[in-house]
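Have a look at the structure below, then the notes.
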Amino acid sequence: MHNIKDIRNDPNQFQESLKKRFLEVDLKNILELDENNRKLIQEKETLEKEKKEISKSKNKELFEKSKSISKKIDILETKQKETKVELDNILSSLPNIPKDDVPVGKDENSNLEVSKSGNVPKFNFKPKSHYELGENLNMLDFDLASKTTGSRFVFVKDKLALLERAISNFMIDIHVNQNGYQEISPPLIASENTMYGTGQLPKFENDQFEIKFDDKNDRKFLIPTAEVILTNMGKDKIFQSDELPLRVVASTPCFRKEAGSYGKDTKGMIRQHQFYKVELVSIVEPENCLNELDRMTNCATKILDLLELPYRKIILSSGDMGFSAEKTFDIEVWLPSENKYREISSCSSCGSFQSRRMKARYKNKKNETVFLGTLNGSGLAVGRTLIAILENYQQTDGSIIIPNALKPYMNNLDKIVKK
RNA sequence: GGAGAGAUGGCUGAGCGGUUGAAAGCACCGGUCUUGAAAACCGGCAAAGGGGCAACUCUUUCCUGGGUUCGAAUCCCAGUCUCUCCGCCA
């Protein structure tokens with residue numbers, strides 16, 4: 001959510017900034033609504049003052065007048081609220097503004113590679129895809145999942161189920177013991193307002209799984225990422241400065257409808273309705289956002305270094321970034337079967353965009369109450385890490401070598417072989 | 001599912017129709033004292049929004065939404081959440 005005061009102060013700059021997102025905003029309409037809103041507030045406040053004075057005077061002769069003022073206030077207030085809602089509806093559907101160093105471009109074609117790391121493995125045979133490998137091992141079962149549930153789900157079995165759990169535990173341990181994150185086991189369901197806080201609502205309702213709940217007043221959703229629930233730990237809160245930075249990590253299932261991605265990655269477990277992800281969230285003083293983004297990205301790449309998986313880091317272009325982000329690094333892991341890098345992590349700074357929606361604030365050194373900075377990043381997507389291990393560590397016979405770092409988490413197993 | 005109790009500022013906690021935006025304490029910020037720190041003492045300290053170049057000023061807010069009243073943190077209704085007891089249960 002943007003600060004209307006900033007827009008008011010420099011409307012043209014605001015419009016220019018949004019052009020980086022390839023968005024045309026009806027600036028005139030926004031400014032008109034804002035002006036109208038303020039006019040109505042002023043009229044209302046004048047009447048409220050008058051009413052207050054009458055009530056203080058306790059002058060019975062003026063009581064009738066006070067009643068009629070109340071009626072006028074009601075009318076003004078209704079109008080004012082409507083105007084405010086209309087303004088907020090527009091503002092809450094506008095994405096965050098990219099930082100200056102974000103490459104401007106419409107889509108992923110304008111993303112820039114920042115760095116490359118690790119060695120791409122050489123095979124003396126044609127590397128198989130993760131789903132071929134998994135199905136041949138009888139440890140990935142997509143058919144069974146479509147029978148019990150539907151498309152874009154999978155049964156992970158036996159040693160691959162263990163591997164999935166091992167990946168998750170390994171990552172959390174690193175982030176807790178080496179990277180200074182606090183482990184959280186959060187709710188997997190979020191209220192409507194929580195979803196609004198991080199920017200999933202109102203604009204991206206189509207991609208969310210809403211669930212039936214007893215009460216009709218409050219809508220509830222399965223989290224599409226732990227970012228939602230972890231970032232909202234700061235919701236409606238004023239932090240003391242000694243509570244910052246807050247760094248938390250959680251491994252949770254994530255649920256996404258993947259609306260609009262029909263036909264994309266239909267085979268395998270690249271794009272599922274349900275997947276595990278280890279998520280990092282930092283809540284920091286806003287001026288520290290970009291430093292924290294670098295730190296967070298390093299925490300994520302460290303996992304790939306330890307797993308000895310080849311990857312590259314890219315900076316997303318203005319048009320490819322998520323709604324709430326002001327700057328995003330994606331980390332892409334090498335997938336031999338596709339002969340290319342695929343996203344395995346996305347680390348974003350959101351500046352104060354989310355905190356303004358959530359009302360997450362803190363007291364700064366001058367004792368002023370200011371909105372915080374929020375960041376989120378995958379550290380890493382568990383399912384895709386499983387894929388990357390299957391494909392990069394595959395052997396001619398279809399067996400899978402376990403990366404050294406994971407062996408302690410796999411009961412010291414060296415290799416996954418077909419039974 | 002049944003029966004009660006409660007929700008007040010960053011935190012603890014008074015107030016239960018009229019200068020109450022709200023006592024007191026803690027925390028925090030500034031100062032005095034001190035070589036420095038602690039302690040002590042003095043002062044400041046809620047948020048959101050509007051107006052003003054500014055000093056400043058106005059409005060709203062005591063869980064949320066309605067209602068009663070000239071006037072509500074205080075009374076009434078509905079909802080949400082928390083706690084205690086009983087039942088059920090992973």
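Every chain is numbered from 1 and lettered A, B, ... according to where its sequence line falls, protein lines coming before strand lines. These numbers come from the heavy atoms of this one structure, side chains and all, not from hydrogens, waters or symmetry mates.
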Self-check item: Listed nucleotide nearest any side-chain atom of A:S70, set B:G51, B:A46, B:G71
Solution: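 Nearest to the side-chain atoms of A:S70, counting from C-beta on, is B:G71.
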
Quiz prompt | Among B:A46, B:G71, B:G50, the nucleotide that comes nearest once only the side chain of A:Q42 is considered | solution =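 Closest of the options to the side chain of A:Q42: B:G50.
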
Quiz item: Considering residues at least two apart in sequence or located in another chain, which fulfil the salt bridge (charged side-chain N to carboxylate O under 4.0 Å, His left out) criterion with A:D242?
Solution: none

Practice problem: Check salt bridge (charged side-chain N to carboxylate O under 4.0 Å, His left out) between A:D141 and all other residues, then give those that pass, not counting sequence neighbours. | Solution: A:K157

If the cut-off is 4.0 Å, is [X] near the phosphate of [N], judged by side-chain N/O to OP1 or OP2?
X: A:T369; N: B:A47; answer: yes
X: A:K67; N: B:C70; answer: yes
X: A:R361; N: B:A46; answer: no
X: A:R38; N: B:G51; answer: yes
X: A:K51; N: B:G71; answer: yes

Exercise. Output the residues of residues 84-94 of chain A in contact with RNA chain B, where contact means a heavy atom of the residue under 4.0 Å from an atom of the strand; sort by number or write none.
Key: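 Going residue by residue through residues 84-94 of chain A, none turns out to have a heavy atom under 4.0 Å of RNA chain B.
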
Practice problem: Could you check which residues of residues 227-248 of chain A get a heavy atom under 4.0 Å from RNA chain B? Sort them by number, please. | Solution: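 Within this stretch, A:I238, A:Q240 sit under 4.0 Å of the strand.
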
Atom pairs, protein N/O to nucleotides 55-59 of chain B N/O, distance under 3.5 Å:
| residue | atom | partner | partner atom | Å |
| --- | --- | --- | --- | --- |
| B:U59 | O3' | A:E48 | OE1 | 3.3 |
| B:U59 | O2' | A:E48 | OE1 | 2.5 |

Quiz prompt | Spacing of the C1' atoms in B:C83 and B:G30 (rounded, Å) | solution = 40 Å

Quiz item: Quick one: A:K39 NZ to B:G49 C1', roughly how many Å, whole number?
Solution: 18 Å

Quiz item: Can a donor-acceptor pair be found between the side chains of A:T225 and A:K277 at a distance below 3.5 Å?
Solution: yes

Quiz item: Are A:S399 and A:D397 linked by a side-chain donor-acceptor pair shorter than 3.5 Å?
Solution: yes

Contacts under 3.5 Å, N or O only, protein and nucleotides 64-68 of chain B:
none

